Q: 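Got a structure here, written out as structure tokens. Questions coming.
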Amino acid sequence: EMVGTKKQWRAFYPEERPVMADLIVDGAAEEEMARLYDGRYKKSSFVEGAYEVEDFFPDMGEKGRWLFCTGAPLRDHEGNITGAIETLLDITERKQTEEALIKAEKEIRGYSKKLEREVGKRTRELDRALYDTEEARDKIDGILKSFQFNYFLKVTNVAETSHHSAFGLRLQRSLCC
């Protein structure tokens with residue numbers, strides 16, 4: 001239906017406009033390429049006078065298709081443009097994968113930030129618990145030292161007044177030293 005006609009645009013666009021091969025054959029200025037492809041094109045690094053573009057075509061298929069297009073001039077033996085060739089590569093699956101990866105990366109970053117907040121919160125809780133524990137231990141140590149000192153005095157007094165001073169000394173050593 002398109003061979004030998006000027007209807008090649010119908011496969012890609014809802015209204016008539018030149019495709020990349022048309023622009024190359026017509027020797028269109030780069031400004032025209034920029035206007036039609038809205039900055040999504042670049043000059044080919046492999047073929048002189050060729051262009052590449054990645055674009056989404058919403059009217060292709062059920063959900064649209066992403067295509068990578070390369071348009072290159074065909075030249076005669078004197079270097080004159082005699083035609084153009086445009087190759088198309090369906091990159092829809094790659095673009096969907098890229099979008100899924102970007103979405104997953106955003107989710108992972110969100111989880112990572114949430115995890116960092118939770119770790120920070122838990123670290124502060126543990127620091128507070130450690131501080132409280134050390135404070136309690138210091139109080140217990142103070143109470144035990146006071147208890148040992150008072151007990152030491154009582155045992156010493158018993159040893160001094162008792163007929164069994166050897167027993168008092170043994171008791172004193174085992175409790176305090």
Side-chain angles (χ1 to χ4, degrees), residues 1-140:
E1 177 183 332
M2 289 184 216
V3 177
T5 73
K6 293 195 177 259
K7 296 179 183 178
Q8 65 275 20
W9 59 270
R10 283 188 173 179
F12 308 102
Y13 307 107
E15 52 193 47
E16 187 173 356
R17 62 157 273 186
V19 295
M20 192 182 306
D22 295 328
L23 296 170
I24 292 169
V25 168
D26 294 342
E30 194 163 333
E31 291 79 25
E32 182 70 359
M33 185 76 73
R35 182 183 70 77
L36 291 170
Y37 290 102
D38 194 27
R40 294 179 307 275
Y41 78 97
K42 68 177 186 173
K43 288 183 176 184
S44 173
S45 56
F46 299 107
V47 179
E48 185 179 335
Y51 291 91
E52 299 171 348
V53 67
E54 261 186 30
D55 205 357
F56 183 71
F57 295 87
D59 297 327
M60 293 184 86
E62 289 180 26
K63 297 180 181 179
R65 307 301 289 170
W66 279 95
L67 298 178
F68 177 77
C69 309
T70 303
L74 298 174
R75 299 180 187 276
D76 64 15
H77 66 282
E78 293 175 1
N80 300 313
I81 295 178
T82 58
I85 185 167
E86 189 168 345
T87 58
L88 310 168
L89 177 63
D90 186 341
I91 58 169
T92 304
E93 191 173 317
R94 186 194 86 197
K95 292 298 266 188
Q96 291 169 341
T97 302
E98 287 172 359
E99 290 171 8
L101 285 171
I102 289 168
K103 182 181 177 185
E105 182 182 12
K106 285 179 183 177
E107 287 179 16
I108 289 170
R109 285 185 181 173
Y111 292 138
S112 177
K113 287 180 182 181
K114 182 178 179 182
L115 181 60
E116 286 176 19
R117 285 191 303 271
E118 290 298 318
V119 167
K121 178 182 170 186
R122 187 66 180 135
T123 299
R124 288 187 297 279
E125 289 172 357
L126 290 171
D127 285 346
R128 181 64 193 173
L130 178 63
Y131 176 80
D132 291 346
T133 302
E134 288 174 346
E135 200 172 74
R137 185 196 65 214
D138 291 345
K139 286 180 183 176
I140 291 170

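Note that this is a predicted model, so its numbers are computed, not measured. Position 1 is the first residue of the sequence, and the numbers go up from there.
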Q: In Å, rounded to the nearest 0.5 Å, how long is the span from CG of L74 to CG of N80?
A: 12.5 Å

Q: Are F12 and L88 close enough, and set up right, to give a side-chain contact (heavy atoms from CB on, under 4.5 Å), and what steps lead you there?
A: CA-CA 11 Å; F12 308 102; L88 310 168; 3.4 Å; yes

Q: Decide whether a cation-pi geometry holds between R17 and Y37; the criteria are a distance under 6.0 Å from NZ or CZ to the six-membered ring centre and an angle within 45° of the ring axis.
A: yes

Q: Check whether R109 reaches the backbone of E105 with its side chain - one donor and one acceptor, N or O, closer than 3.5 Å.
A: no

Q: Over all heavy atoms of both residues, which pair between G49 and P73 is shortest? Give the atoms and the distance, please.
A: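 G49 and P73 have their closest heavy atoms at O-CD, 3.5 Å.
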
Q: Rounded to the nearest 0.5 Å, what's the gap from CG on L67 to CD1 on I91? Could you check?
A: 7.5 Å

Q: Within the supplied structure, the quantity of interest is the number of heavy atoms (other residues, nucleotides, ligands) at a distance under 6.0 Å from E134 CD; does it exceed 12?
A: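 Buried by this count: over 12 neighbours within 6.0 Å.
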
Q: Mind checking the OH-NZ spacing from Y51 to K42? Nearest 0.5 Å is all I need.
A: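 With rounding to 0.5 Å, OH (Y51) is 13.5 Å from NZ (K42).
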
Q: Salt-bridge test for K113 and E116: reply yes if a basic N is under 4.0 Å from a carboxylate O, no otherwise.
A: no

Q: With rounding to the nearest 0.5 angstrom, report the CE to OH distance, M60 to Y13.
A: 10.0 Å

Q: Can you name the nearest heavy-atom pair linking G83 to V25, along with the distance?
A: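 What the structure gives for the nearest pair is C-CG2, 3.6 Å.
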
Q: For F46, what residues pass the side-chain contact (heavy atoms from CB on, under 4.5 Å) criterion, not counting sequence neighbours?
A: S44, E52

Q: How long is the gap from CG on L36 to CE on M20, to the nearest 0.5 Å?
A: 10.0 Å

Q: Walk me through it: do W9 and D22 pass the test side-chain contact (heavy atoms from CB on, under 4.5 Å)?
A: CA-CA 10 Å; W9 59 270; D22 295 328; over 6 Å; no

Q: I'd like to know whether F56 forms a side-chain contact (heavy atoms from CB on, under 4.5 Å) with R65, so could you lay out the CA-CA distance, the side-chain angles of the two residues, the decisive distance to 0.1 Å, and finally the verdict.
A: CA-CA 6 Å; F56 183 71; R65 307 301 289 170; 5.8 Å; no

Q: Indicate yes or no: does K103 engage E99 in a salt bridge with an N to O separation below 4.0 Å.
A: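 Looking at E99 together with K103, the answer is no, because their closest N to O distance does not fall below 4.0 Å.
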
Q: Donor-acceptor pair, T123 side chain versus V119 backbone, under 3.5 Å?
A: yes

Q: How far does CD1 of I108 sit from CG of L115, to the nearest 0.5 angstrom?
A: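 I108 CD1 to L115 CG: 12.5 Å, rounded to 0.5 Å.
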
Q: For the residue pair E135 and Y131, confirm or rule out a side-chain donor-acceptor distance under 3.5 Å.
A: yes

Q: Identify whether the distance between the nearest side-chain nitrogen and carboxylate oxygen of E118 and R122 falls below 4.0 Å.
A: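 Answer for the salt bridge query: no.
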
Q: What verdict does the side-chain contact (heavy atoms from CB on, under 4.5 Å) test give for R94 and E54, after you've listed the backbone C-alpha separation in whole Å, the side-chain angles of each residue and the deciding distance to 0.1 Å?
A: CA-CA 12 Å; R94 186 194 86 197; E54 261 186 30; 2.6 Å; yes

Q: Judged by atom type as modelled, is there a donor-acceptor pair below 3.5 Å linking the side chain of D90 to the main-chain atoms of T92?
A: yes

